[in-house]
**Student:** 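I'd like to ask some things about the structure below.
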Amino acid sequence: MENKKVIFSGVQPTGKITIGNYLGAIKNWTTMQEEFNSIFCVVDLHSITVNQVPAELRKNTFDLLALYIACGLDPQKSILFVQSHVPAHTELAWVLNTVTMVGEMNRMTQFKDKCRKHADNINMGLMDYPVLMAADILLYQTDLVPVGIDQKQHVELARDVAQRFNNKYSPTFVVPECYTPKVGAKIMSLQEPTAKMSKSDENENAVVTMLDDKDTIMRKFKRAVTDSDTVVRFDAENKPGVSNLLSIYSCFTGKSIAEAEVEFEGKGYGDFKTKVAEAVIEGVSPIQAEQQRIVKDKAYLEEVLKDGAYRASKLAYKTLDKVYRKVGFIPRVR
Ligand code: TRP
């Protein structure tokens, strides 16, 4: 690889990808891939920590890979691959487990949230999720991890684990940093704008997905929660709903929040919501068309998967071999 910084990120192939995932993650990655050695993963191993329907998981994995490409991630410029195709992820996770303390896992906020949400299925994988994520990151000697703030604690854990391993054995891993983009890092629920827009939200109206049709998008924005005020002004604390809509509008049009505020001066919320919906429809329509074209081209996707796994494996096993040597395993004859 050339002498550029390495970025690694991943999305779970669960449910539909929201405009929040797009704006907060995938869209930014498309510009980053020009500047960095970029690796983007569909993290299917992570997704089975909560119950999945196997056939749906398979479909969602293809859908997400096609969506990555439709959004502009280029398999020539970046490494795009599916996590389960590179066994080094689980292999490294095992070793990292031995430098991770149960106590620190118990403190992970997402783990605690998920235990509450999936009380009937608190499995070891759910608890180990952050360690597998650390393995994802550390395998590629990643410098920067572009993720939303909700993933910050997980990246911190990856740093801690890397440092601990480096100290216990000898310098092996690059200690990664969280890379949170300035805009669009956090898109909120349309129904409860103080909570993050989450693809697992049970209220359909709260979430706009990248594959929603035009009418659905319009309907969801028309029903978006605002406030009893009438002014379109950004104030995340006192006007979370309106502020969220302004953020979405700004992200999809490229206009600044200030420009948008001027544009909607004296306009009612009805008009404003329609305009936001139109901007979103205009933004997602070409991506949807491209995603549908790609997902039908299974031969192409198979080729992308094969090439991605091959390129990722080469890098991953370089690190894993080093790790195995340091911990005292007998070198494997290849
Ligand atoms: N936990 C991340 C999420 O839910 C997904 C993920 C898995 C990830 N492995 C990763 C993100 C490695 C960045 C780097 O959003």
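From a predicted model like this one, the values you see are computed outputs, not experimental measurements. Order of listing sets the numbers, starting from 1, for every ligand and every atom in it.
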**Student:** What residue and heavy atom of the protein are closest to atom 1 (N) of ligand 1, and at what distance?
**Tutor:**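 Checking every protein heavy atom, the shortest distance to atom 1 (N) of ligand 1 gives Tyr129 OH, 2.6 Å.
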**Student:** Can you tell which part of Ile137 has a heavy atom less than 4.0 Å from ligand 1: side chain, backbone, both or neither?
**Tutor:**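 For Ile137, the contact with ligand 1 is made by the side chain alone.
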**Student:** Which is closest to atom 15 (O) of ligand 1 in terms of heavy atoms, His154, Gln83, Gln151, Met133?
**Tutor:**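 Going through His154, Gln83, Gln151, Met133 one by one, Gln151 has the nearest heavy atom to atom 15 (O) of ligand 1.
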**Student:** Where does the angle between the aromatic ring planes of Tyr129 and His46 fall among parallel (under 30°), tilted (30 to 60°) and perpendicular (over 60°)?
**Tutor:**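 Because their plane-to-plane angle lies in the 30° to 60° range, the rings of Tyr129 and His46 count as tilted.
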**Student:** Need the ligand 1 atom indices (1-based, order shown) with element for anything under 4.0 Å from a heavy-atom of His46.
**Tutor:**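 Per the distance check, 7 (C), 9 (N).
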**Student:** Can you sort out which atoms of ligand 1 are near Val145, meaning under 4.0 Å from one of its heavy atoms?
**Tutor:**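 Those qualifying, in numeric order: 13 (C), 14 (C).
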**Student:** Using a strict threshold of under 4.0 Å (side-chain N to carboxylate O), is an ion pair present between Glu263 and Lys255?
**Tutor:**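 A salt bridge links Lys255 with Glu263.
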**Student:** Please could you name the atoms of ligand 1 that Val147 approaches to less than 4.0 Å, counting only its heavy atoms?
**Tutor:**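 Near Val147, the atoms of ligand 1 are 11 (C), 13 (C).
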**Student:** Assign the ring pair His89 / Phe81 to parallel, tilted or perpendicular, where the plane angle (0 to 90°) is split at 30° and 60°.
**Tutor:**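 Judged by the thresholds at 30° and 60°, the geometry between His89 and Phe81 is tilted.
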**Student:** Please could you name the atoms of ligand 1 that Gln12 approaches to less than 4.0 Å, counting only its heavy atoms?
**Tutor:**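 Near Gln12, the atoms of ligand 1 are 4 (O).
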**Student:** Between Asp136 and Gln83, is any side-chain donor less than 3.5 angstrom from a side-chain acceptor?
**Tutor:**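 Judged by distance alone, the side chains do pair up.
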**Student:** Answer yes or no: is there an ion pair linking Asp215 with Arg219, defined by an N-O contact shorter than 4.0 Å?
**Tutor:**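 Here Asp215 does not pair with Arg219 in a salt bridge, since their nearest N and O are not under 4.0 Å apart.
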**Student:** Nearest protein heavy-atom contact for atom 9 (N) of ligand 1: which residue, which atom, what distance?
**Tutor:**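 Going by distance alone, atom 9 (N) of ligand 1 is nearest to Asp136 OD2, 2.7 Å.
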**Student:** For atom 12 (C) of ligand 1, what's the nearest protein heavy-atom neighbour? Residue, atom name and distance, please.
**Tutor:**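 Going atom by atom, the protein heavy atom closest to atom 12 (C) of ligand 1 ends up being Phe8 CE2, 3.5 Å.
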**Student:** Of the protein's non-hydrogen atoms, which lies at the shortest distance from atom 5 (C) of ligand 1, and what is that distance?
**Tutor:**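 Nearest protein contact, heavy atoms only, for atom 5 (C) of ligand 1 is Gly10 O, 3.5 Å.
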**Student:** Could you tell me whether Asp63 and Lys59 have a side-chain N and a carboxylate O separated by less than 4.0 Å?
**Tutor:**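 The answer is yes: the pair qualifies as a salt bridge.
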**Student:** Any side-chain donor-acceptor pair under 3.5 Å between Asp212 and Thr209?
**Tutor:**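 Looking only at side-chain atoms, Thr209 and Asp212 do form a donor-acceptor pair, the distance falling under 3.5 Å.
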